[in-house]
Amino acid sequence: MSKAQYKWIGTRPDRPDGADKVTGRARFGADFNLPGQLVGKVLRSPHAHARIRSIDTSKAEALPGVKAVVTAADFPDQPNQIVPTGEMQVNLRDITRNIMAREKALYEGHPVAAVAAVSDAIAKQALALIDVDYEVLPHVIDVAEAMKPDAPLLHEHLITEGVNPPPTKASNIAKRIEFKKGDAAEGFAQAEVVVEHDYTTQAVHQGYIEPHAALASASEDGQVQVWSTTQGHFQVRGFCSRLLNIETSQIRVTATEIGGGFGGKTVVYLEPLAIRLSQKAGKPVKMVMSREEVFRASGPAPGGNVHVKIGAMRDGRIVAAECRVDMQAGAFPGSPVGPACMCSYACYDIDNVHIVGFDVVSNRPKVAAYRAPGAPISAWAVESSLDILAQRLNMDPIDLRLKNAAKKGTKTAYGVTFNTIGMVETLEAIRDSEHYKAPVKPGYARGVAAGFWFNVGADSSAAAHVGEDGSVTVISGNPDIGGSRASLALMAAEELGVDYNKVRPVIADTASIGFNFVTGGSRVTFATGLAVVNSVRDLIRELKVRAAKIWNVDPDGVMWENGMAKPAGSNVGEFEPLSLAQLAAQAGRTGGPINGHAQLNVTGAGPGFGVHVVDLKVDHDTGIVGIGRYTAAQDVGTAIHPSYVEGQLQGGAVQGIGWALNEEYIYNTKGRLENPGFLDYRMPVASDLPMIETILVEVPNPSHPYGVRGVGEVPIVPPTAAIGNAIARATGIRMTDLPMSPPKLSEALDSAALKIAAE
Amino acid sequence: MTEIQYKVAKNIKDACILMAAADGKGRILAGGTDLLVQMKAGTQAPGTIIDVKKIPEMVTIAKTKGGFRIGAATPAAVIGEHEELRKTWPGVVEAINLIGSKQIQGRASPGGNLCNASPAADSVPALVAAGATVNIQGPGGKRQVPVEQFCTGPGRTSLQKGEIVVSLSLPARPKGSSDAYLRLIPRTEMDIAVVGCGVSLTMKGDTVVAARVGLGAVAPTVLLVEDAAKALVGSQLEDEALEAAAKACSAACRPIDDKRGTIRYRTKIAGVLLKRAAAIARDRANGISHTAH
Ligand SMILES: Cc1cc2nc3c(=O)[nH]c(=O)nc-3n(C[C@H](O)[C@H](O)[C@H](O)COP(=O)(O)OP(=O)(O)OC[C@H]3O[C@@H](n4cnc5c(N)ncnc54)[C@H](O)[C@@H]3O)c2cc1C
């Protein structure tokens, strides 16, 4: 179906949650309160690595006003079992140790105990009264250091997976993975040009503006209610059920409005602690992290070390590619090294590819998902190397990429063969854009880079209910981070043939709708969108049955068009069309309430490709980079609500720019984080950036009725290399380590100047 | 739990008495943009908070024998709107107006910026370059100190028990004078100076006849760099003179390596900013205006 045939899809109505959000009425995590609630607080390890010999909570428990104290002893130990969380995998044995340290504290900020008290001040006082006897151990922060045989060992049981024969000694390397296509060695043997470089990136935080917050109320009869700012309340329920040994039906989780997540709110930190404290205290317990706690103990996205080797012919055809990624997992195994490896060359059709990845633990907080987890790290290296190749071959960087672009039928190194994709169209969109065609302004230089993400489907449930007056409530179970309510309502309105304003989308708690997997992997508009469409189709089926009853005809003789039941043909008989309101008014006489339902495991997520172009200038004396113009083009499937699609592209680009220029976790020699706040963890501010321009390339996903692809991940993938490539062209200096912060760039400029002077 | 007393001082004497009575646990509240943030973070726990914003002399700007007296608690926004002050001391005003954001500007004061005693405080290098004096009052009466002698280390000042800063005096300005302040921050806003540099010049024709240079964030306190001033005086700001002054600035640096910048970087940037700020001050002295940077 062409877009012109849509009435609602592709329009830009106000979002259903907009008024509440701009008036301050919307309630976020920390806005929920219950009568008699206590304040919960966490005691955190000051050490990067320490054995916990003992914890004495007696003085804290004796303090008047303290109602409960918990330590790891209050949580059952868990089996060595992997469960999926959003875009990443976690091990139950590890999660219980991450929410509350057991044998060892593995990073600074690792929870070791928690208290619930009648006031903030008493809770703080109680934390100070808890005696933890630590045996401080040598720590390791850096991945390369952590991989050395004599590195301090985090987990005595950790034997590297994926190595044959398995090692006999424990190490910090949790896993080795490998992807192969063709014969890389043979490819390099025929290559006429080879580029080979090492790159590094630093850990970065998702930087959501709303800190983690949870309110839990456990009743005497065993029921538990939780209000939490999360990307997946069903995940919260699932984790708490496992970690606390409570049946899922006994836990009811409500997702509050959410002030950003970007993947970082797909795991649990506070919820199990708040529930256990509430059970012990017999009162509701509310816990809210400070920004410092957010930095020290939640997220971040990993940093990684990447080695890239690319071989090409003089005409630009890439004949061989290698990539090795060593990635920080944080204190527990499970970095996104898999997706980093798989995405590395996914934009390109290359015959011979060899990719190896290592998942490495070190004394940092356990990493969490962050927009296209892992992909920006390998893309930084691959897309920088491609730019070097383009310079060597004296080729336009877009032309080089077009020559090698993946298309329908391209087999990836990780085994999947692409269906309809838009890599070529996206490259062409940039090549033909006003931005790319405009000459680079004097003093500026231009860089381009591409990026890829799979996008995700998975489990979704939805329901569509018709009210007595014929208006419709669409119920689903995914927290709305990026405007998904609006997109779901648009698809429901389109399908049902009614006005967008007659459809009210609602996000139900875990007891009020069937299971929905997290809001993550850019799956909601795609997968939950499909569930909504199917629930509306189920509703239409029921509406036809009701009309058939009224007309006394066979349901097959009824069709649904423009929000009305009509006779399907003249042979059915002459009947006036019945509107939704008329059918609703007669529902009592035709079979009762009119509802539709759908539940499915959604497959066929369409992958997305992005190409970004940036014009920037470098202050040679200070190393400060000024972004002059920035355009992000992306293969977005169908833009259901174009404003929110553009918003995803802009947000991702801005986060990527921060990753490129300033953001990094800075550790001191004791393994403590030095910059746990927005002053010294430098995300871009509005005045740093121009308006991010967007180009939506609509290549519909054949596996979705409206052609939806996820759009939120891809835009964070290209920015780091686009900026590095522009810096290289502005200065002649190829930066290989992120961030390209003013001191680092200035030092690189100075040493290059010295070298030139010496020559 | 400890209780915090909040008192509003009616006049300067009242403020000094309240400070003395608080027995070392008193804190003056001007805009509160440092104090309240520090209390929230738990690094400050005053017994008594003494609000001085109701004392007219402390929140107004007065003209004095050719110079200006700025009340210590005068909000930055008010200072930015003072036409004549802005014309005479554009560098001092731009430094004060760089503090924080629009919201912060409505509250933050130069007195608070100085008394907080951060080596990276934005207004202080400009005030040092301007040759400002600090007017202090306390149980022992009134006294004055040059602004560069006021702070003794990060977070430490030379205020004695019960003393408060009443105002800052800017001297009379000879013809052909102007000033400029530049800071380096990795972002464009809402950041803390990696280096800050204030330059004040008096020109006679194309020649510099008087100069003062203040340098922030490169040592435990803001520095008056006399060697840099010497290199500028008598010159026409030729490359060699600027280079020599920049070298003097770099040589004066005793910075630390920290999350905000390396020793190497700070030392280099001190020289870069000196050159750029001197050029702006010269242009302004010649009637060429500079606003955005
Ligand atoms: C978001 C934000 C951004 C900021 N950005 C900047 C920036 O860019 N540059 C910069 O330099 N600073 C910045 N600051 C810090 C702060 O705003 C400035 O230092 C400001 O000038 C402090 O002034 P105030 O009036 O708010 O001081 P207050 O907080 O009221 O006082 C600061 C300290 O000085 C003492 N004090 C105040 N007045 C007197 C007095 N008259 N006599 C004796 N003691 C006194 C107080 O007791 C307190 O200890 C920022 C702060 C925030 C919150």
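Below, read A as the first sequence line, B as the second, and so on, with proteins coming before strands; counting in each chain starts at 1. Remember, predicted model here, so these are calculated numbers, not experimental data. Side chains included, hydrogens not; waters and symmetry mates left out as well; all remaining heavy atoms used.
Few gaps surround CD on A/Glu674; more than 12 heavy atoms of other groups in view lie less than 6.0 Å from it. By the neighbour-count criterion of 12 heavy atoms within 6.0 Å, atom NZ of A/Lys744 is densely surrounded, having more than that number from other residues, nucleotides or ligands.
Interface summary for chain B: among A/Ser746, A/Ser741, A/Gly623, the most heavy-atom pairs under 4.5 angstrom belong to A/Ser746. For the options B/Pro186, B/Gly261, B/Gly271, heavy-atom pairs under 4.5 Å to chain A are most numerous at B/Pro186. The choice from B/Val194, B/Leu184, B/Thr262 that makes the most heavy-atom pairs within less than 4.5 Å of chain A is B/Leu184.
For a residue to count as touching a neighbouring chain, one of its non-hydrogen atoms must lie under 4.5 Å from one of that chain's; by this rule A/Tyr681 touches chain B with the backbone only. B/Arg187 touches chain A through backbone and side chain together, each having a heavy atom under 4.5 Å away. Heavy atoms closer than 4.5 Å to chain A are found in the side chain of B/Ile269, but not in its backbone. Proximity to chain A (any heavy atom under 4.5 Å) is shown, for B/Lys275, by neither the backbone nor the side chain.
When all heavy atoms are compared, the tightest approach of B/Tyr265 to A/Pro743 is CD1-CA, 3.6 Å.
Ion pairing between A/Asp621 and B/Arg276 holds under the 4.0 Å rule for side-chain N and carboxylate O. A salt bridge links A/Asp680 to B/Lys259: at least one charged side-chain nitrogen sits closer than 4.0 Å to a carboxylate oxygen. A salt bridge links A/Asp750 with B/Arg264: the closest approach of a Lys/Arg side-chain nitrogen to an acidic carboxylate oxygen falls below 4.0 angstrom.
Of the listed residues (A/Ile624, A/Asp688, A/Leu689), just one forms a side chain to side chain contact (heavy atoms under 4.5 Å, CB included) with B/Thr188, and that residue is A/Asp688.
Side-chain contact check for A/Leu679 versus B/Arg260: some heavy-atom pair is nearer than 4.5 Å.
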